There are 2 protein chains.
Amino acid sequence: MASSKDVAKRAGVSQPTVSRVINGSTNVNKETIEKVQRAMEELNYRPNLIARSLKQQKTKSIALISGALHNPFFVDSTTTIVNVAKAHGYRTLVYFEEQGNNEAVYEEVLKQQVDGIVLSSIFIDDPVYRELEHSKIPFVMFNRRHQLGGNFVEIDNEKAGVLATNHLLELGHSKVAWIGGPTNCSTFHGRLLGYKKALGGIVKGNWIKETNTTEEAVIDAVDQLLALDEPPTAIFAATDAMALSCQSYLMNKGYRIPEDMSICGMDDIPMSRHAAIQLTTVTHEASKPMGQYAVEHLLHLINSSKEVKEDMQVTLRPRLIARHSSGVKN
Amino acid sequence: MASSKDVAKRAGVSQPTVSRVINGSTNVNKETIEKVQRAMEELNYRPNLIARSLKQQKTKSIALISGALHNPFFVDSTTTIVNVAKAHGYRTLVYFEEQGNNEAVYEEVLKQQVDGIVLSSIFIDDPVYRELEHSKIPFVMFNRRHQLGGNFVEIDNEKAGVLATNHLLELGHSKVAWIGGPTNCSTFHGRLLGYKKALGGIVKGNWIKETNTTEEAVIDAVDQLLALDEPPTAIFAATDAMALSCQSYLMNKGYRIPEDMSICGMDDIPMSRHAAIQLTTVTHEASKPMGQYAVEHLLHLINSSKEVKEDMQVTLRPRLIARHSSGVKN
DNA sequence: CTCTTTTATGAATACGTATTCATAAAATTA
DNA sequence: TAATTTTATGAATACGTATTCATAAAAGAG
């Protein structure tokens with residue numbers, strides 16, 4: 001690959017002059033510009049971003065630490081984040097974090113010298129928070145938050161839990177189960193809290209199923225619920241992905257949705273709208289996607305010169321979308 | 001951020017010695033190693049991969065130019081490719097290529113100094129092929145191929161088209177439509193060819209709908225088919241994503257699947273198995289995902305010292321999975 | 001004890017770029 | 001015309017690492 005030195009030699013100028021042409025500096029002779037541009041074309045020159053990053057001490061790239069794409073929620077958010085970052089001239093390094101080993105990913109990311117991090121896989125009491133804070137790299141949490149605050153965009157999960165549960169209660173279901181993920185995630189924590197709140201005192205421990213969010217675990221949870229003396233007639237699944245697993249498994253077992261079991265999810269993934277699915281779900285009311293808040297604020301943090309940066313703490317209001325996976329108890 | 005120089009100073013050694021410790025060189029005193037490691041910990045040192053890349057003239061990273069994630073097919077392949085690369089110590093830069101502007105993405109990628117490229121968004125006669133060849137960067141095409149050959153993994157799309165169409169014919173459907181994407185993609189090209197082949201002479205031009213693969217375009221195509229004097233009773237949609245769009249739209253219009261319309265897709269995305277969807281589809285027979293072939297061969301190309309590298313041209317055999325979105329014509 | 005080999009280390013350098021500083025030439029002002 | 005400012009350019013350097021080369025010390029061979 002041709003370097004700026006090669007271009008310089010061919011154009012009969014010095015390397016800094018080539019650099020100036022590349023970066024559109026003023027104060028460079030028009031004829032010189034043309035000479036250099038010609039040489040660049042002839043040599044098929046492309047600036048080496050690695051070298052540039054080293055010199056400038058910034059990479060114009062951010063890291064996205066996302067949940068696995070098996071959950072369609074992260075599909076949309078990943079697309080949003082990558083595209084918004086790109087529109088601002090930033091490249092995104094995408095990491096798909098499976099359960100738990102945040103430390104390893106975090107180590108990886110730091111070595112890459114990214115200018116900032118969007119983090120969606122963090123636990124409420126994750127020690128990684130302190131380390132990130134200490135590293136001085138700007139970071140924004142997305143969808144989940146940490147107990148210590150910081151920058152985040154989230155949905156009001158507790159209110160969402162209340163909305164979903166109340167919806168099912170209002171349809172006449174008194175036996176409503178909760179299936180979710182680890183409650184050391186702020187999302188599941190909040191959604192469970194809302195569920196309990198809506199139910200008031202009458203919460204039964206074995207109606208609450210905390211899984212690892214995999215399809216197998218969800219199926220297992222459903223089986224356990226069905227085996228109860230008093231099986232529930234409605235399920236609030238804490239994500240649409242889990243709701244779909246419930247729905248498919250129950251249908252395969254001959255259950256009709258919603259006649260034999262009402263289901264409410266959360267996230268409003270695109271598939272939920274499919275005519276054969278029609279999943280009742282909870283989403284947020286904001287006019288732009290959550291990921292966009294995250295990236296925009298992250299870039300603000302990166303490019304702000306102020307020593308003390310203001311926090312962004314956005315909690316979006318939830319909204320219920322009633323479709324046909326939930327119905328009146330018969 | 002502390003540099004290896006800082007570590008060297010603190011440990012009372014030279015910078016190259018720190019470098020040796022980092023890279024596990026032999027011939028370095030045990031006590032020195034310990035001194036250096038202690039200094040690294042105390043300073044919270046992390047090697048700067050940008051600097052390393054510049055020096056070594058390789059980035060240990062590959063680019064994946066994928067179709068947009070709205071198509072679930074690319075969700076799975078992206079996951080596979082990122083994870084396999086990671087398992088081999090390579091980082092993946094992910095690009096989501098919308099229709100057509102391959103050139104721009106390609107320019108971007110070259111500047112990043114990646115060691116290799118997995119390319120899934122390429123047209124049969126894409127000029128980008130020549131440029132990539134000229135750039136000397138190893139690249140492997142994934143899912144789609146180019147007319148000039150090169151390295152690729154694909155499904156036998158023509159045979160897949162035959163399989164799908166024959167399946168519908170065997171169910172008694174004589175009026176089978178095709179809905180697909182741009183036929184300058186090898187995938188759609190082949191699938192259409194197979195469709196025509198299976199139908200023999202009796203192909204009607206207005207049963208063939210070439211769209212841009214968006215939901216709106218697919219809906220439009222379905223509308224056009226329904227408006228025909230002789231509307232088809234079965235549709236072969238060239239991807240599952242498009243098949244789902246057909247299915248949802250038709251159901252919303254009151255059609256029953258498969259009683260009023262049989263649908264066959266292709267790709268076997270996870271959603272196709274959902275009890276409420278039950279999409280008949282075509283997939284491949286291989287024991288490992290296509291993306292894995294692509295990455296493994298790409299890494300082979302990158303690390304092979306031979307001047308002349310052998311091509312990898314894999315065409316996987318297709319297999320029909322009959323579910324309940326297709327049925328006997330009534 | 002001398003000569004040779006091995007081990008352990010540092011000095012110098014290169015990767016490709018952007019940036020600072022100095023300076024010559026040109027343009028402007030008085 | 002002389003003095004000053006502006007414009008255009010190159011030389012030198014830095015970013016953080018890995019690598020080559022030289023060399024001093026230690027170990028082994030005779």
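Letters A, B, ... are given to chains in the order of the sequence lines, protein chains preceding strands, and every chain is numbered from 1. Given the structure is predicted, the values throughout are model-derived calculations rather than measurements.
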Open item on the list: Please determine whether a side-chain nitrogen or oxygen atom of S14(B) lies at a distance below 4.0 Å from atom OP1 or OP2 of dG10(C).
Closed with: yes

Task: Distance, rounded to the nearest Å, where K60(B) contributes NZ and dA18(D) contributes P - done: 13 Å

Task: Bend angle of the helix from dC1(C)-dG30(D) to dA30(C)-dT1(D), from helix axes over five pairs at each end, nearest 10° - done: 40°

Open item on the list: Checking side-chain polar atoms at under 3.5 Å, does R46(A) have a donor or acceptor matched by the opposite partner on N44(A)?
Closed with: yes

Task: Q56(B) side-chain N/O to dC15(C) phosphate OP1/OP2 under 4.0 Å - done: no

Task: 5' precedence on DNA chain C between N48(A) and V28(B) (nearest-nucleotide basis) - done: V28(B)

- [ ] Select from Y45(A) and K35(B) the residue whose nearest nucleotide in DNA chain C is closer to the 5' end of that strand.
- [x] K35(B)

Open item on the list: Just to be sure I understand the rule, does N27(A) reach a base, reach only the sugar-phosphate, or reach nothing, if contact means heavy atoms closer than 4.0 Å?
Closed with: base

Task: S4(B) side chain near dG16(D) phosphate (N/O to OP1/OP2, under 4.0 Å) - done: no

TODO: Send over the distance from Q113(B) CD to dT17(D) P, rounded to a whole Å.
DONE: 19 Å

Open item on the list: If you compare all heavy atoms of V118(B) against all heavy atoms of A294(B), which two are closest, and at what distance to 0.1 Å?
Closed with: CG1-CB, 4.3 Å

Open item on the list: Could you tell me how far apart K111(B) (NZ) and dT17(C) (P) are, to the nearest whole angstrom?
Closed with: 12 Å

Open item on the list: I'd like to know if the side chain of N48(A) and the backbone of I50(A) have a donor-acceptor N/O pair within less than 3.5 Å.
Closed with: yes

TODO: Determine the contact category for T32(A): base if any of its heavy atoms lies under 4.0 Å from a base atom, sugar-phosphate if only primed atoms, P, OP1 or OP2 are that close, otherwise nothing.
DONE: sugar-phosphate

Task: Expected output: side-chain S3(A) to main-chain K5(A) donor-acceptor under 3.5 Å - done: yes

Open item on the list: In this structure, how many angstroms lie between the C1' atom of dT17(D) and the CZ atom of R46(B), rounded?
Closed with: 17 Å

Open item on the list: Tell me whether the side-chain N/O atoms of Q57(B) come closer than 4.0 Å to OP1 or OP2 in dG16(C).
Closed with: yes

Open item on the list: I need the NZ-C1' distance between K55(B) and dG16(D), as an integer number of Å.
Closed with: 11 Å

Task: Donor-acceptor contact present, side-chain T79(B) to main-chain V75(B), <3.5 Å - done: yes

Task: Spacing between I50(A) atom CD1 and dA18(D) atom C1', to the nearest angstrom - done: 15 Å

TODO: Measure the distance from CG on L54(B) to P on dA14(C) and round it to the nearest whole Å.
DONE: 13 Å

TODO: For Q15(B) and dA18(D), give me the distance from atom CD to atom P, rounded to whole Å.
DONE: 8 Å

- [ ] Examine distances only and state if a side-chain atom of S120(A) and a backbone atom of M141(A) form a donor-acceptor pair shorter than 3.5 Å.
- [x] no

TODO: Ignoring the backbone of R52(B), work out which of dT17(D), dT19(C), dG16(C) is nearest its side chain.
DONE: dT17(D)

Task: Test side chain to side chain contact (heavy atoms under 4.5 Å, CB included) applied to I124(B) and C185(B), step by step - done: CA-CA 6 Å; I124(B) 293 180; C185(B) 300; 5.8 Å; no

Task: T315(B)-E154(B) side chain donor-acceptor pair, cut-off 3.5 Å - done: yes

Task: Residue-level proximity of residues 17-24 of chain A to DNA chain D when a heavy atom falls under 4.0 Å - done: T17(A), R20(A)

Task: Residue pair I302(A) / P138(A): nearest heavy atoms and the distance that separates them - done: CG1-CG, 4.1 Å

- [ ] Give the ring-plane orientation class for H146(B) versus Y129(B), where under 30° counts as parallel, over 60° as perpendicular and anything between as tilted.
- [x] parallel

